[in-house]
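We count ligands from 1, going down the list as the structure has it; atoms in each ligand are counted the same way.
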Amino acid sequence: MTYPIRPIDESEWPAFLRVLEEGFGWTPHPQQGARFKAETEFDRTLAAFDGDDIAGVTAVLSLTMTVPGGQLPVGGVTSVSVLPSHRRRGVLSALMRRQLADIRERGESVAALYASEAPIYSRYGYGRAAHELSFRINKHASAFVANAPQDPSLRLRVAKPADVRADLEKLFATVVTRRPGRYERKPHAWDGVLADEEADQRGAGPLRSVLAEDGAGVRGYALFRIKSSWDGNGVPDGELKLYELEAADPAAYALLWRSLLDRDLVSKIDAGTRPVDDPLIALLADQRQLRASWSDELWVRLVEVDRALTSRAYSAAVDVVIEVEDDVCPWNARRWRLTADPTGAECKPVEDQPDLTVPVNALGSAYLGDGLLLESLAAGLLREHSPGAVRSLATALSWSPKPWAGLTF
Ligand SMILES: CC(C)(COP(=O)(O)OP(=O)(O)OC[C@H]1O[C@@H](n2cnc3c(N)ncnc32)[C@H](O)[C@@H]1OP(=O)(O)O)[C@@H](O)C(=O)NCCC(=O)NCCS
């Protein structure tokens with residue numbers, strides 16, 4: 001059975017939203033629903049129809065994402081859901097294929113998404129391309145190393161986040177280009193970050209902010225909530241939930257962390273998502289106190305292998321013939337000669353013998369610089385025909401800082 005697929009118009013929004021609500025078991029509160037609708041690009045939605053009813057949905061957000069060495073228009077895949085009554089009949093597969101063709105037609109060479117479950121998207125050529133740490137740290141075990149940076153010209157300012165939105169946006173715009181995976185925030189995304197309705201608070205009080213600044217302006221900020229409590233003996237046992245901490249330089253970064261870690265009446269800090277190379281790890285005198293869990297974050301799909309590979313910078317020289325396997329986007333499935341060094345890259349179709357054979361999702365995993373090609377080789381997930389070819393490509397693709405988006409889309 002096939003289900004015709006097309007974008008929806010605004011009048012069909014309630015039916016589109018219903019499929020998301022049913023798929024995710026989620027009920028947005030009214031302000032959340034309004035924000036969600038406002039950020040939806042209706043011409044980039046897709047719905048699969050069973051008669052007059054919508055059975056499955058997806059959408060794309062037009063993102064400007066940082067990649068190694070620059071920024072790129074990226075199709076941000078979101079709002080993926082199939083009605084429980086229609087699951088496992090190929091609806092998602094049909095939507096994914098159509099969506100990738102649309103993204104290509106739009107001129108974007110890369111797609112990215114957050115996966116609700118890790119096993120879903122490899123079959124469509126997405127690879128896990130960034131990871132995140134979630135950690136808890138006990139304030140009483142959070143001393144910094146003796147040579148942690150300090151800048152006496154810096155001072156802290158406590159402010160209501162909504163009152164300093166322009167400062168936050170300006171600071172964010174300066175840091176967003178520094179780490180692959182980060183993407184520019186449109187006003188609707190900021191509305192979501194700063195939303196402070198009761199449902200967003202989840203019992204942890206209003207959103208708070210602290211800024212680090214000097215005479216020249218803001219150099220960093222943190223956004224957080226505090227859940228106050230005292231234990232049975234009357235000892236303060238509050239928890240600080242960190243949402244964002246952004247800084248333009250190491251001294252502002254260290255000062256902001258110290259201001260959170262030293263907060264009175266708080267005994268622990270819970271940081272929901274941080275990069276795997278968060279500088280806090282190096283600042284702590286006792287890193288073992290960081291109780292962290294690790295998870296995949298962004299998934300990346302090279303929609304057009306050659307354009308994607310020539311749209312990023314390289315850490316080292318490489319010259320390899322890559323045989324790409326790609327059932328979903330057959331225009332990628334051929335041999336490509338990638339010649340790159342830190343000054344530029346070329347990727348041309350060739351008929352030469354390949355140095356390595358890779359499924360396209362392995363290239364997606366490596367694209368933002370997380371260095372995962374060698375892991376894939378060790379796991380037997382790609383084939384090397386010329387000894388050293390995978391190491392050479394992995395080294396050229398690797399990047400610092402490590403990729404991380406930091407905010408779900
Ligand atoms: C995930 C979801 C969209 C899949 O839709 P679907 O129409 O049932 O998917 P398809 O029938 O096209 O399945 C395609 C393949 O993916 C597999 N698959 C689908 N969902 C999967 C899951 N959650 N875990 C593992 N495999 C999954 C199917 O078994 C099938 O495998 P096959 O090709 O080897 O037979 C649907 O189950 C859903 O809406 N889930 C809840 C919301 C959600 O998690 N959305 C994703 C947000 S990122």
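Taking the side chain as every heavy atom from C-beta outward, Val266 and Ile226 approach each other to under 4.5 Å.
Remark: aromatic rings of Phe224 and Tyr243 are distant, center separation not under 6.0 Å.
The distance from ligand 1 to the heavy atoms of Tyr121 drops below 4.0 Å at these ligand atoms: 46 (C), 47 (C), 48 (S).
Nearest non-hydrogen protein atom to atom 40 (N) of ligand 1 is Gly23 O, 4.6 Å. Nearest protein heavy-atom contact of atom 33 (O) of ligand 1 is Arg123 NE, 3.9 Å. Ser116 OG, 3.5 Å is the protein heavy atom nearest to atom 43 (C) of ligand 1.
Considering both main-chain and side-chain atoms, Pro119 never comes within under 3.5 Å of ligand 1 through any nitrogen or oxygen pair.
Figure legend: Arg128 and Trp299 shown without cation-pi pairing, the cationic atom not lying both under 6.0 angstrom from the six-membered ring centre and within 45 degrees of its axis. In this structure, Arg274 forms no cation-pi arrangement with Phe135, as its terminal cationic atom is not both closer than 6.0 Å to the ring centre and no more than 45° off the ring axis. A cation-pi geometry, defined here as NZ or CZ lying under 6.0 Å from the six-membered ring centre and within 45° of its normal, holds between Arg312 and Tyr314.
Proximity of Arg89 to ligand 1, defined as any heavy-atom pair under 4.0 Å, is confined to the backbone N, CA, C and O atoms.
Residue contact check for ligand 1: Ser81 places a non-hydrogen atom closer than 4.0 Å to it. In this structure, Tyr124 counts as a contact residue of ligand 1, since one of its heavy atoms falls inside 4.0 Å of the ligand.
Asp306 meets the salt bridge (charged side-chain N to carboxylate O under 4.0 Å, His left out) test with no other residue; sequence neighbours excluded.
Around atom 21 (C) of ligand 1, the closest heavy atom drawn from Glu117, Met96, Arg88 belongs to Arg88.
For atom 7 (O) of ligand 1, the nearest protein heavy atom lies under 4.0 Å away.
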